[in-house]
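Below: the structure, in structure tokens.
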4 protein chains.
Amino acid sequence: MSTDSKPRKTGGKSQKKPAAGKPAVTPSPARRRELLATAAEVFAAHGYSATTVRRIADEAGLLAGSLYYHFDSKESMLDEILSTFLDELWAGYDAVLAAGLGPRETIEALVTESFREIDRHRAAVAIYQNESRQLAARPRFGYLADSQRKFEKAWLGTLERGVAEGVFRPELDVRLTYRFVRDTVWVAASWYRPGGHHGPEEIARQYLSMVLDGIAVRD
Amino acid sequence: MSTDSKPRKTGGKSQKKPAAGKPAVTPSPARRRELLATAAEVFAAHGYSATTVRRIADEAGLLAGSLYYHFDSKESMLDEILSTFLDELWAGYDAVLAAGLGPRETIEALVTESFREIDRHRAAVAIYQNESRQLAARPRFGYLADSQRKFEKAWLGTLERGVAEGVFRPELDVRLTYRFVRDTVWVAASWYRPGGHHGPEEIARQYLSMVLDGIAVRD
Amino acid sequence: MSTDSKPRKTGGKSQKKPAAGKPAVTPSPARRRELLATAAEVFAAHGYSATTVRRIADEAGLLAGSLYYHFDSKESMLDEILSTFLDELWAGYDAVLAAGLGPRETIEALVTESFREIDRHRAAVAIYQNESRQLAARPRFGYLADSQRKFEKAWLGTLERGVAEGVFRPELDVRLTYRFVRDTVWVAASWYRPGGHHGPEEIARQYLSMVLDGIAVRD
Amino acid sequence: MSTDSKPRKTGGKSQKKPAAGKPAVTPSPARRRELLATAAEVFAAHGYSATTVRRIADEAGLLAGSLYYHFDSKESMLDEILSTFLDELWAGYDAVLAAGLGPRETIEALVTESFREIDRHRAAVAIYQNESRQLAARPRFGYLADSQRKFEKAWLGTLERGVAEGVFRPELDVRLTYRFVRDTVWVAASWYRPGGHHGPEEIARQYLSMVLDGIAVRD
DNA sequence: CATGAATGAGTCTTCATTCAT
DNA sequence: CATGAATGAAGACTCATTCAT
């Protein structure tokens with residue numbers, strides 16, 4: 001995978017000093033994942049800064065202070081949620097982009113992949129949607145800005161290629177189109193519920209039909 | 001309920017001491033508007049709950065405490081920003097809906113009107129976008145839920161009418177389409193900058209072209 | 001004055017952004033000084049890290065949170081207490097060192113000046129005594145290390161000059177003597193009470209008599 | 001009370017379950033001593049209240065919770081460190097005081113003994129120096145106050161005897177002298193490093209020379 | 001109208017301590 | 001004996017809000 005969003009410490013939290021003896025790194029990625037999932041839901045539902053650590057703890061069934069056994073801070077939870085999500089997202093995207101498809105097929109694949117990610121990381125996507133602009137400015141979350149740049153390059157490039165190859169309408173404002181397409185895909189995280197009427201692939205299909213061919217009946 | 005998002009006290013807030021025969025102070029509505037505009041920008045930029053009253057005051061050039069001469073609370077600023085915006089929005093929407101246009105023309109008019117609102121109330125739209133879900137649940141902001149319902153009815157109804165009249169494709173999942181259209185329109189507030197390349201009408205046109213006819217070249 | 005312990009913001013606390021308007025810097029150095037005096041007493045009595053902000057606030061007659069209107073943090077109070085003290089100390093020391101006295105007279109003047117400082121800044125001296133070693137390592141308190149170096153140079157230099165000029169015993173281990181003298185002077189802050197039996201000058205005289213001529217009767 | 005700073009449970013701490021006929025666990029006193037030595041270093045370096053149990057554990061190579069197998073509490077570690085030190089100190093002091101020496105020789109012997117203790121219990125002395133004032137007020141550490149009283153009696157008595165016998169200068173303020181002497185001796189713990197340039201006896205000799213005969217050349 | 005100062009509730013975080021395994 | 005995970009109390013700090021001047 002090319003663009004890891006960031007290098008993360010595998011497992012335990014930061015230990016101040018390995019010092020003299022043995023105190024090994026704390027494993028138990030299972031509990032960690034559980035807690036992160038809970039935190040992600042709460043962040044997604046109420047917004048990061050409106051979410052209290054105590055709320056997360058309540059939801060997870062422990063006391064607020066106990067979260068700090070597993071995480072350094074509220075922010076580090078957010079960080080881990082987002083970076084984990086982006087790592088997986090880019091694994092999928094990079095595979096699509098490396099497949100050598102035509103513009104239309106690439107768009108289709110990217111959209112489908114996006115809805116799949118929404119299906120699996122609904123909360124993380126919602127958080128990303130709501131918080132990334134403010135976060136991207138801070139050094140710790142610099143990888144968000146990186147990701148955004150890569151993202152734009154991938155979509156914009158594909159759209160331009162499509163126009164050049166005559167697959168997409170020539171009068172398209174690609175930049176504008178890119179924004180429309182990007183936003184509509186991701187904003188779906190705010191209403192999508194896994195296990196609902198439509199699976200991600202079905203939603204992708206409907207969405208692609210609209211974007212590619214429009215909703216109007218052809219004259 | 002007709003159109004007003006909520007009944008608001010016209011003019012200033014309650015005077016502290018109307019008793020002792022003093023001439024009623026006239027809290028300049030101009031200053032009030034200025035301050036609300038500043039607050040809206042900050043809310044939009046950083047999120048409501050991450051915005052401190054002091055930040056707003058700094059930006060406005062006074063001290064935090066002084067804001068309380070003009071407003072009851074941080075929440076009441078938010079309230080006034082959102083309700084003012086919604087009042088104007090519905091004035092426009094209602095005019096469109098009352099015009100008796102066909103489905104396609106109605107959609108076109110609503111979209112155009114929406115981008116005009118974004119042009120004039122960018123900050124308010126951004127705030128609405130980010131905060132309305134959580135706010136709608138609270139009694140004070142019940143008008144947000146009302147508005148949302150009216151909104152859905154207007155769009156969904158138009159889409160359904162369009163399908164029924166054979167103007168829109170019959171296989172359309174209108175509910176899904178509604179969500180896509182709605183989100184894409186409003187999410188534009190997050191990147192739109194008044195006075196930029198494209199005016200609201202131009203953006204609306206591009207957007208409508210995509211939604212109605214798709215981006216793909218017709219075979 | 002040559003070695004300012006550190007440049008300090010005169011008056012108000014740090015303001016994040018002067019931003020648009022007028023919000024002037026908060027003056028009122030009086031209240032500030034009061035609060036710092038209280039804080040210094042408590043720090044001196046219980047140690048910095050064992051002192052709670054609430055304790056200081058209780059002693060000062062306000063609520064813990066209110067201290068943050070005047071100071072950025074508990075640490076910044078400590079900082080201001082120490083740097084203010086060191087500024088004054090060095091004003092006195094530098095005057096002595098610039099006076100061109102002989103070694104014995106310089107020692108006498110430094111000791112006397114030191115006890116005067118203890119008389120006026122008892123709490124600050126006690127804090128300095130207890131906390132400076134740990135603090136000096138941290139960047140913010142780098143001036144403590146600077147001061148210590150200057151201090152050593154002044155005393156050690158004078159002692160060496162005295163030995164060279166035949167005023168002090170030739171077999172003296174000056175480094176060891178320096179430490180003894182330095183510690184004994186400053187540790188007096190732990191029992192000294194202003195307004196007690198002996199004024200600072202009297203204590204200095206007794207102390208100098210011991211250090212210079214010993215406590216034993218001459219044979 | 002004779003010399004024991006406090007009556008301590010000999011051997012380990014109270015067993016959790018002496019009931020069910022299990023062979024009494026033998027908590028190795030060696031490990032205990034190791035851990036106390038580590039704790040003492042950390043307490044001395046950072047101050048008691050600024051030291052976290054976790055820090056001690058890190059330094060000792062185990063986890064924070066594991067320390068509680070060996071000790072009841074952080075405070076009990078401090079207690080044991082200080083009382084062990086004082087027991088040994090008083091063993092030495094009592095021997096000196098019982099030897100029937102003259103005032104000057106007694107002072108010499110006490111000073112020498114003190115520097116020997118610093119040599120062997122540097123960390124404990126440093127802790128004592130920094131924390132005893134606050135601790136002495138608490139019941140559990142009442143022995144610190146006792147010790148201080150005994151200490152004062154021994155030194156003050158010897159100084160007074162010396163003045164009475166014409167060995168020390170008659171104009172001496174013995175109380176002030178006592179404080180100077182006491183402080184200078186013990187504060188040495190803050191810079192003394194075992195195995196350095198001077199052994200404890202050498203330092204004692206230099207120090208006694210200064211205190212008894214002064215640093216100035218006799219005219 | 002605005003300021004300066006304060007309140008008080010609440011937030012994140014730390015840390016000594018406990019305990020089942 | 002030690003670990004991993006938790007508790008719960010307390011600590012530093014923030015912030016919306018109030019109010020006398």
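Just so it is clear, the structure is predicted and the values come from calculations on it, not from any experiment. All chains are named by letter (A, B, ...) in the order of the sequence lines, taking the proteins before the strands, and each is independently numbered beginning at 1.
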Original post:
C/F141 versus C/L78: any side-chain heavy-atom pair under 4.5 Å?
Top reply: yes
Original post:
Nearest 0.5 Å, what's the CG-OG distance between A/L67 and A/S73?
Top reply: 11.0 Å
Subject >> Nearest-Å distance for atom pair CZ/C1', residues B/R31 and E/dA2 >> reply: 10 Å
Shorter than 3.5 Å, N or O on both sides, protein versus nucleotides 17-21 of chain F: list them out with atom names.
| from | atom 1 | to | atom 2 | distance (Å) |
| --- | --- | --- | --- | --- |
| F/dT17 | OP2 | B/Y68 | OH | 2.6 |
| F/dT17 | OP2 | B/K74 | N | 2.8 |
| F/dT17 | O5' | B/Y68 | OH | 3.4 |

Original post:
Do D/E80 and D/F71 have side-chain heavy atoms sitting under 4.5 Å apart?
Top reply: yes
Subject >> Verdict with supporting geometry, C/L135 and C/R138, side-chain contact (heavy atoms from CB on, under 4.5 Å) >> reply: CA-CA 6 Å; C/L135 293 175; C/R138 295 162 50 181; 4.0 Å; yes
Original post:
When the distance from OH of C/Y69 to P of E/dT3 is rounded to whole Å, what number comes out?
Top reply: 10 Å
Subject >> DNA chain F base-pair string [pairs: Watson-Crick or G-U under 3.5 Å; |: paired with another strand] >> reply: .||||||||||||||||||||
Original post:
Taking the side chain as C-beta and beyond, is there a heavy-atom pair between A/E41 and A/E59 under 4.5 Å?
Top reply: no
Subject >> 5'-most by nearest nucleotide on DNA chain F - C/R54 or A/L67 >> reply: A/L67
Original post:
Is the count of non-hydrogen atoms from other residues, nucleotides or ligands lying under 6.0 Å from A/R54 atom CZ greater than 12?
Top reply: no
Original post:
Could you give the CZ-to-P distance, from B/R55 to F/dT14, as a whole number of Å?
Top reply: 15 Å
**OP:** Look at the side chain of D/H70 and decide which nucleotide, out of F/dC1, F/dG4, E/dT3, has an atom nearest to it.
**Re:** F/dC1
Original post:
So what does C/L62 hit on the nucleic acid, given a heavy-atom distance under 4.0 Å: a base, only sugar-phosphate, or nothing?
Top reply: sugar-phosphate
**OP:** Specify the separation, in whole Å, of atom CZ of C/F71 and atom C1' of E/dA5.
**Re:** 13 Å
Original post:
Does the side chain of D/Y143 reach to within under 4.5 Å of the side chain of D/D79, using non-hydrogen atoms?
Top reply: yes
Original post:
CZ of A/R32 versus C1' of F/dA6: gap in Å, rounded?
Top reply: 16 Å
Original post:
Rounded to whole angstroms, how far apart are CD on D/E34 and P on F/dA2?
Top reply: 10 Å
Original post:
With side chains defined as the heavy atoms from C-beta onward, is the minimum distance between C/V42 and C/M77 less than 4.5 Å?
Top reply: no
Original post:
Does the side chain of D/S49 reach to within under 4.5 Å of the side chain of D/E131, using non-hydrogen atoms?
Top reply: no
Subject >> Members of residues 42-52 of chain C that approach DNA chain F, where some heavy atom sits under 4.0 Å away >> reply: C/T51, C/T52
Subject >> Heavy-atom check, side chain of A/L82 versus side chain of A/Y128, under 4.5 Å >> reply: yes
Original post:
Are any of the side-chain heavy atoms of B/N130 and B/F43 separated by less than 4.5 Å?
Top reply: no
**OP:** Pick the C1' atom in E/dC1 and in F/dT21, then give their distance to the nearest Å.
**Re:** 13 Å
